[in-house]
Trainee: 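Okay, here's the structure, questions in a sec.
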Number of protein chains: 2
Amino acid sequence: MGKVKTKNKFNDFLLTQGLKSTNQRELILEEFLCAGSHLSTEELYLRLRRKNPRIGYATVHRTLKLFAECGIAEQRHFGDGQARYEASDHDEHHDHLICVACGKIVEFEDPRIEELQVEVAGGHGFTIERHRLELYGCCSDCCQG
Amino acid sequence: MGKVKTKNKFNDFLLTQGLKSTNQRELILEEFLCAGSHLSTEELYLRLRRKNPRIGYATVHRTLKLFAECGIAEQRHFGDGQARYEASDHDEHHDHLICVACGKIVEFEDPRIEELQVEVAGGHGFTIERHRLELYGCCSDCCQG
DNA sequence: CCTCAATTGAAAACCGTTTTCAACTTAAAG
DNA sequence: CTTTAAGTTGAAAACGGTTTTCAATTGAGG
Ligand SMILES: [Mn+2]
Ligand SMILES: [Mn+2]
Ligand SMILES: [Zn+2]
Ligand SMILES: [Zn+2]
């Protein structure tokens, strides 16, 4: 989804929910879409502070939750104790490879794994609602290779 | 691994690390092995309190970390914000199915998924060190079926 | 026993997250 | 334009699970 389309989706969301369009929300969305993916609230907050020192952490936090509620962002947890957010650019789901040495995050999608998950879950009488697959290891930049 | 063998492994660990065998550590290990799996620190603490009200939360916390360090327990995070521990009964790895309705946790292992993970990681130049796969959904007791 | 390092439990500190609340904006009404 | 009501903001406090602190206690070796 393009930047403009995302902004429109958020504005529509605000309208239908009886929420207001504010300068902060616009600034936060703009920075969220420009900055790298998988940023923590703190990281995004610090980036915003550089350009606009009057913005508050609580507002960044609340706005990111709005993004998630609206469907333009997704919250992630990679085990370092803090929530991270990424834009729901594409409608397709993906999983993550995380380098334990440099922190690099690579996204991937494998239909074969997805299918096996459904099969395994079904075998235990479960209907999958969502899943989390994270592969932690060493990337080629960090380990011999 | 049997209960006796686990206790021996822990005692060996204490010896080689210059740590002491204490009444609390024995009580906590016994309860940890008897009680159900995937318990949080708080849950184990509350169970221990019933039998021995003089035990402290901090000691349970520290002892569970010792168990993990020793290799007889593993820490898990299922997204409810608290750490859970399970005995490393078998040497073989397993993943989890979690019912979002009743909280039931089912363990599974699928070599085909494991293999595909290695393949996918390799394709991105990664060497997997560990992974986390959790399937969240509805179990047969909770959903129509 | 004695000694000394390890352990314990209560309480405080920690840390990311979430809420509170008075001041301020926004958007719609007058 | 005002005015008004409702939503928003940011600083600070509260929260909740985890971890540390520290004085008192305990365990193992001498
Ligand atoms: Mn991603
Ligand atoms: Mn398990
Ligand atoms: Zn790396
Ligand atoms: Zn269930």
Side-chain angles (χ1 to χ4, degrees), chain A residues 10-32 38-70 73-85 103, chain B residues 10-32 38-70 73-85 103:
Chain A
F10 185 54
N11 282 328
D12 289 351
F13 173 79
L14 292 179
L15 270 178
T16 64
Q17 302 288 310
L19 305 178
K20 289 174 178 170
S21 175
T22 70
N23 196 243
Q24 283 92 330
R25 286 178 176 161
E26 278 175 34
L27 285 172
I28 295 171
L29 180 50
E30 172 62 25
E31 187 66 30
F32 174 66
H38 309 112
L39 260 58
S40 67
T41 309
E42 177 80 14
E43 286 164 353
L44 189 62
Y45 166 65
L46 290 177
R47 288 184 64 112
L48 282 156
R49 286 285 296 226
R50 287 194 223 125
K51 299 171 184 171
N52 186 336
R54 310 196 50 216
I55 209 147
Y57 180 93
T59 302
V60 177
H61 165 78
R62 285 183 289 227
T63 304
L64 283 171
K65 285 210 329 189
L66 275 188
F67 291 171
E69 208 183 324
C70 165
E74 281 178 65
Q75 195 186 53
R76 302 278 187 188
H77 290 270
F78 294 138
D80 62 349
Q82 57 192 335
R84 295 180 175 279
Y85 289 85
Chain B
F10 185 54
N11 282 328
D12 288 352
F13 173 79
L14 291 179
L15 271 177
T16 64
Q17 302 287 311
L19 305 178
K20 291 174 178 172
S21 174
T22 69
N23 196 244
Q24 282 92 331
R25 285 177 178 162
E26 280 175 32
L27 285 172
I28 295 170
L29 180 49
E30 172 63 26
E31 187 66 31
F32 175 65
H38 310 110
L39 260 58
S40 68
T41 309
E42 177 81 15
E43 286 164 354
L44 188 63
Y45 166 65
L46 289 178
R47 289 183 62 112
L48 283 156
R49 286 285 297 225
R50 287 195 223 125
K51 299 171 184 172
N52 186 338
R54 310 195 50 216
I55 209 147
Y57 180 93
T59 303
V60 177
H61 166 76
R62 285 184 289 229
T63 304
L64 282 171
K65 285 211 328 190
L66 275 187
F67 291 170
E69 207 183 324
C70 166
E74 281 178 67
Q75 195 187 54
R76 304 277 188 188
H77 290 271
F78 293 137
D80 61 350
Q82 58 192 335
R84 296 180 175 279
Y85 290 85

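In what follows, every heavy atom counts, from backbone to side chain, and hydrogens, waters and symmetry copies are set aside. Chain letters run A, B, ... following the sequence lines, proteins first and then strands; every chain starts at 1. All figures in this text were calculated on a predicted structure; none of them were measured in a lab.
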Trainee: Ignoring hydrogens and angles, answer whether the base of C:dT20 and the side-chain atoms of A:Arg62 contain a donor-acceptor pair closer than 3.5 Å.
Mentor: yes

Trainee: When the distance from CD of A:Glu26 to C1' of C:dT25 is rounded to whole Å, what number comes out?
Mentor: 13 Å

Trainee: Separation of A:Leu48 atom CG from D:dG10 atom C1', in whole Å?
Mentor: 14 Å

Trainee: With DNA chain C as reference, determine whether B:Leu66 or A:Gln75 sits nearer its 5' end, using the nearest nucleotide of each.
Mentor: B:Leu66

Trainee: State, yes or no, whether a side-chain contact exists between B:Gln82 and B:Thr41 at a heavy-atom distance under 4.5 Å.
Mentor: no

Trainee: Measure from CG on A:Leu27 to C1' on D:dT8 and round the result to the nearest Å.
Mentor: 14 Å

Trainee: Sort out for me which residue in A:Tyr85, A:Phe32, A:Tyr57 forms a ring-ring contact (aromatic ring centres under 6.0 Å, His included) with A:Tyr45.
Mentor: A:Tyr57

Trainee: Is B:Gln24 near enough to C:dG9 that one of its side-chain N or O atoms lies under 4.0 angstrom from OP1 or OP2?
Mentor: yes

Trainee: Specify the separation, in whole Å, of atom CZ of B:Phe78 and atom P of D:dG17.
Mentor: 17 Å

Trainee: Can you tell me if the side-chain N/O atoms of B:His61 get under 4.0 Å from OP1 or OP2 in D:dT19?
Mentor: yes

Trainee: Do you know which two heavy atoms are closest between B:Arg25 and B:Phe67, and how far apart they sit?
Mentor: O-CZ, 4.4 Å

Trainee: Could you state the atom-to-atom distance from NZ of A:Lys65 to C1' of D:dG7 in whole Å?
Mentor: 16 Å

Trainee: Can you find a heavy atom in the side chain of A:Lys20 that is under 4.5 Å from one in the side chain of A:Leu14?
Mentor: no

Trainee: So does A:Thr22 get a side-chain nitrogen or oxygen closer than 4.0 Å to the phosphate oxygens (OP1/OP2) of D:dT8?
Mentor: no

Trainee: Output the rounded distance in Å from CD (B:Gln82) to C1' (C:dG16).
Mentor: 16 Å

Trainee: Given side chains that start at C-beta, do those of A:Glu31 and A:Lys51 come closer than 4.5 Å, heavy atoms only?
Mentor: yes

Trainee: Under 4.0 Å between a side-chain N or O of B:Tyr57 and OP1 or OP2 of D:dT18?
Mentor: yes

Trainee: Measure from the side-chain heavy atoms of A:Thr41 and tell me the nearest of C:dT17, D:dT18, C:dA27.
Mentor: C:dT17

Trainee: Within this structure, what is the CG-to-C1' distance between A:Asn23 and C:dT26, rounded to whole angstrom?
Mentor: 12 Å

Trainee: Using a heavy-atom cut-off of 4.0 Å across all strands, would you classify A:Ser21 as base, sugar-phosphate, or nothing?
Mentor: sugar-phosphate

Trainee: Given D:dT9, is OP1 or OP2 found less than 4.0 Å from the side-chain N or O atoms of A:Arg25?
Mentor: yes

Trainee: Given that B:Leu19 and A:Arg54 both sit by DNA chain D, which one's nearest nucleotide is further toward the 5' end?
Mentor: A:Arg54

Trainee: NZ of B:Lys20 versus C1' of D:dG29: gap in Å, rounded?
Mentor: 9 Å

